[in-house]
Amino acid sequence: MQFLSVVSGALLLAFMAVERFPEHLAALPELTALRVIEGPVSHVRDGDTIEVAGTPVRFGSLDCAERGTAVGDAATGRVRELVAGQSLTCALNGRSSYDRSIGRCTLPDGRDLAAQMIREGLCQRYW
């Protein structure tokens with residue numbers, strides 16, 4: 001029984017790490033994803049939600065201010081700049097929030113989009 005508790009705890013920590021720190025885990029988010037989508041960004045809802053190939057994606061590791069605020073509008077604008085004309089790869093972990101799939105999206109050059117927004121100080125890590 002103790003072994004199962006340890007294994008369960010380890011799996012929970014691994015899941016949390018993949019969702020909260022995907023940029024530090026190389027290909028692991030893609031390997032553990034239930035679905036991977038690729039395609040152009042069809043819509044930017046705000047700083048932490050985009051639509052890729054018609055699928056709404058909420059970045060699991062990112063928290064941005066809401067649109068309609070100065071900080072939120074800046075984050076939304078920066079995401080638009082980063083994804084303009086780009087085709088992204090998004091690893092979806094099977095969870096959802098409202099109508100959005102939770103996942104990680106990378107730019108063609110390999111940069112994690114959420115991590116880029118955190119690095120630029122426009123958003124924070126979602127805990």
Do the side chain of Thr49 and the main chain of Asp46 share a donor and acceptor less than 3.5 angstrom apart? no

Can you name the residues that form a side-chain hydrogen bond (donor to acceptor under 3.5 Å, both in side chains) with Glu51, not counting sequence neighbours? Arg45

If a pair satisfies disulfide (SG to SG under 2.5 Å) and one of its residues is in residues 97-127, list it, with sequence neighbours excluded. Cys64-Cys123, Cys90-Cys105

Can you find a heavy atom in the side chain of Met117 that is under 4.5 Å from one in the side chain of Leu62? yes

Going by heavy atoms in the side chains, are Thr76 and Val44 under 4.5 Å from each other? yes

Are any of the side-chain heavy atoms of Thr106 and Leu113 separated by less than 4.5 Å? no

Do Val71 and Leu122 make a side-chain contact, defined as non-hydrogen atoms from C-beta onward lying under 4.5 Å apart? no

Does atom CD (Glu120) have a neighbourhood of more than 12 heavy atoms from anything else shown, all under 6.0 Å? yes

Please round to the nearest 0.5 Å and tell me the distance separating atom CD of Gln86 and atom CD of Glu81. 12.0 Å

Please round to the nearest 0.5 Å and tell me the distance separating atom CD1 of Ile118 and atom CD of Gln124. 9.0 Å

May I ask you to test the Val52-Glu38 pair for a side-chain heavy-atom distance under 4.5 Å? no

Closest non-hydrogen atoms of Ser87 and Pro108, given as atom of the first, atom of the second and distance, are O-CG, 3.3 Å

Evaluate the side-chain proximity of Arg100 to Val57: yes if any heavy-atom separation is below 4.5 Å, no if none is. no

Note: Asp73-Arg67 ion pair, threshold 4.0 Å (strictly below): no

Can we say Asp63 and Arg125 salt-bridge, meaning some charged N sits less than 4.0 Å from an Asp/Glu carboxylate O? no

Leu92 and Val36, any side-chain heavy atoms less than 4.5 Å apart: no

Contacts of type side-chain hydrogen bond (donor to acceptor under 3.5 Å, both in side chains), residue Thr55, not counting sequence neighbours: Arg35

Is any side-chain heavy atom of Phe59 closer than 4.5 Å to one of Ile50? yes

